[in-house]
Each structure stands twice: as C-alpha cells, then as structure tokens.
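Worksheet for the structure shown next.
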Amino acid sequence: MTRITSIQRQKSIMDLIQTNGSVKMVDLAKQFNVSRETIRRDILSLSNTGKVKKLFGTVISENKFTIPTVNSRIATHRQEKEAIAKKAVSLLPEHCVLYIDAGSTALAFARELKQKSGYTILTNSFPVVNELNESKNKLIFIGGSVDNLTMATTGTQALDFINKIKLNVVILGTSGFLDHHGPTSNSLDDFQIKTKLIEDANIAMVLTDSSKANESALVEYADWNNIRYLITDAQLSKSALNEIQKKTDIIQVTTLKSN
C-alpha cells in the first residue's frame, strides 16, 4: 500500500469534513491506518491555518458553524419569515406569557406581535426589545453576557433568571436540522438556554424557513418530540416533512413565491 504524505492526508481529511459535516479523530486514525498522535498533528496543523476546529474528539470545519449576524439574515427569505410569523402569532393563547428567542425569524414574529396588546413578553434579544419597546405589552429583558453576533444575552446570569420562570409559550429559531433529530444551535451557551426554556414552557414553537432543512449546526437543543409546532414554509422537502411529522405537528404556510 502506497503511503500518502501528511499534506495529502490533510487534504483528504478536509474533503471528509466537507462531505460529512464532522469526523471523529479515532475514525480518521483507522481510515488512514495511522496513529492517533499522527492525526492529532494533522488536525493541529489544519487548526493553525484556521480550517478546522476540534471539539471533544470531533473535528468540524471552522467555517461550517459560524453564526451570521442578525442584520445579514433578516432580509433572507423575508416573505417566508413574515408568513411564518403571522401564523405563529395567530396560535398564541390570548394575553399569555411568552419568550421570544434571538434570530431573524423570531424578530419577524416580534414585528407581527407588535400590533397586539396585553401580552407579557420575555426575551434576551436586543433587536426584539427595540421592536417591541413601544408596543402595548409588558416587556421583560433578560440580562447577561452580550453576544455581539446574535445581539443577545447568554451566560450564567441569563440562565439563572430562566430557571426561575414559567412560560405559556416559547418561540424558538434554529440554525438548521440536517442530520439531526431536532432543531439546533451553533452556540453551547444558547443550547443551554433553549433547553431550559423548553422545560419551562407549556408550548414550544420552532419558527424557521425551509432552507434550514439543508443546513447543519453544532448541537441539537431538543428532539422534535419536545416541540409542539414546527412552523415553516411550503417548500420543505417531502422527506423532511415525512420524517419530522412523525414527532411533531408541522404547519406550512404559503407565500406569493410558493403559490
């Protein structure tokens, strides 16, 4: 068997990561028939060039799970997000206590809810606060460490507050759900918050356009069994629809684009 160079092996490792989303270091050692120490040096070399990141024995692309800013996402799939938001607002119990997640679809939801009154709204999102600040609803902002990319608070202070509350409804987004059994996040801090919110809420809704069915993310924050509604657009693939609706109710909305 012809031995390959470290450069060739590292290129093959990158190809595997791009194809599979992530690879385990122990599997790489077996596949290339080299020691774990050799693979560790390969990954260190790739990491030093900014190509990959190692997390708990698993290697992912450095660029795969970066988080675009809210401002860069808000205009993407705008019609779908507005239709999804309108439907979600229509499902709210009257004058309930709800939590609104950070993210562009959640922000579209907040803009729709702004026309309503009498709700108690909790959020960790600065854009949501700005949107609802002059509405006729009670608005509670959750403090904590500020994430400049998501424009939201996270950390121990935020989590401690969430541990003490009870919610009727929680409105959540997702970074994607390809190759997962539920919605996901690219942030471990965000994962902790979302997991606790679902425990504290009577109803959990995930709002997302169908493009997220083709995107993966770092960590799954819930199984679809724990989500009451997935609200998305009519372009969700049949395979994703058939798989997810075994576990939760899917509500699909139509837009002018999908008619």
Show the numbers, then the answer: is there a side chain to side chain contact (heavy atoms under 4.5 Å, CB included) between Arg228 and Asn202? CA-CA 9 Å; Arg228 184 66 181 88; Asn202 296 328; over 6 Å; no

Would Tyr229 and Thr248 satisfy side chain to side chain contact (heavy atoms under 4.5 Å, CB included), going step by step from the backbone distance to the final call? CA-CA 6 Å; Tyr229 299 112; Thr248 190; 5.6 Å; no

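Here Phe126 pairs with Phe141 under the ring-ring contact (aromatic ring centres under 6.0 Å, His included) rule; sequence neighbours left out. Among residues two or more places apart in sequence or in another chain, the side-chain contact (heavy atoms from CB on, under 4.5 Å) test is passed with Gln157 by none. Legend: residues meeting side-chain contact (heavy atoms from CB on, under 4.5 Å) with Glu134, ordered by chain and number and at least two apart, are absent. Taking Glu215 as the reference, nothing meets the side chain to side chain donor-acceptor pair (under 3.5 Å) condition, with sequence neighbours excluded.
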Quiz: residues 82-99 side-chain donor-acceptor pairs under 3.5 angstrom, not counting sequence neighbours:
{"from": "Lys86", "atom 1": "NZ", "to": "Glu112", "atom 2": "OE2", "distance (Å)": "3.3"}
{"from": "Ser90", "atom 1": "OG", "to": "Lys87", "atom 2": "O", "distance (Å)": "2.5"}
{"from": "Tyr99", "atom 1": "OH", "to": "Asn124", "atom 2": "OD1", "distance (Å)": "2.9"}

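Inter-residue side-chain proximity for Ile193 and Leu197 is flagged as met; some heavy-atom pair is nearer than 4.5 Å. Proximity of Leu28 to Ile43: side-chain heavy atoms (C-beta onward) are separated by under 4.5 Å at one or more points. Between Val219 and Thr184, every side-chain heavy-atom pair lies at or beyond the 4.5 Å cut-off. No side-chain heavy atom of Leu172 sits under 4.5 Å from any side-chain heavy atom of Leu207.
A side-chain donor from one of Ser211 and Asp209 sits under 3.5 Å from a side-chain acceptor of the other. Counted by atom type alone, Lys81 and Ser104 present one or more donor-acceptor pairs between their side chains at under 3.5 Å. The closest side-chain donor-acceptor pair between Thr154 and Asp147, if any, does not fall under 3.5 angstrom. Side-chain N/O atoms of Thr123 and Ser125 include no donor and acceptor closer than 3.5 Å.
Applying the ring-ring contact (aromatic ring centres under 6.0 Å, His included) test to every pair with at least one member in residues 175-221, sequence neighbours left out, gives these pairs: Phe177-Trp224.
A distance-only check finds a donor-acceptor pair linking the side chain of Thr49 to the backbone of Leu46 [under 3.5 Å]. Distance alone, capped at 3.5 Å, is enough to place a donor-acceptor pair between the Asp101 side chain and the Gly173 backbone.
With respect to Lys166 and Asp200, no salt bridge is recorded, no charged nitrogen being found less than 4.0 Å from a carboxylate O.
Remark: Asp42 CG to Ser47 OG distance equals 12.0 Å, nearest 0.5 Å.
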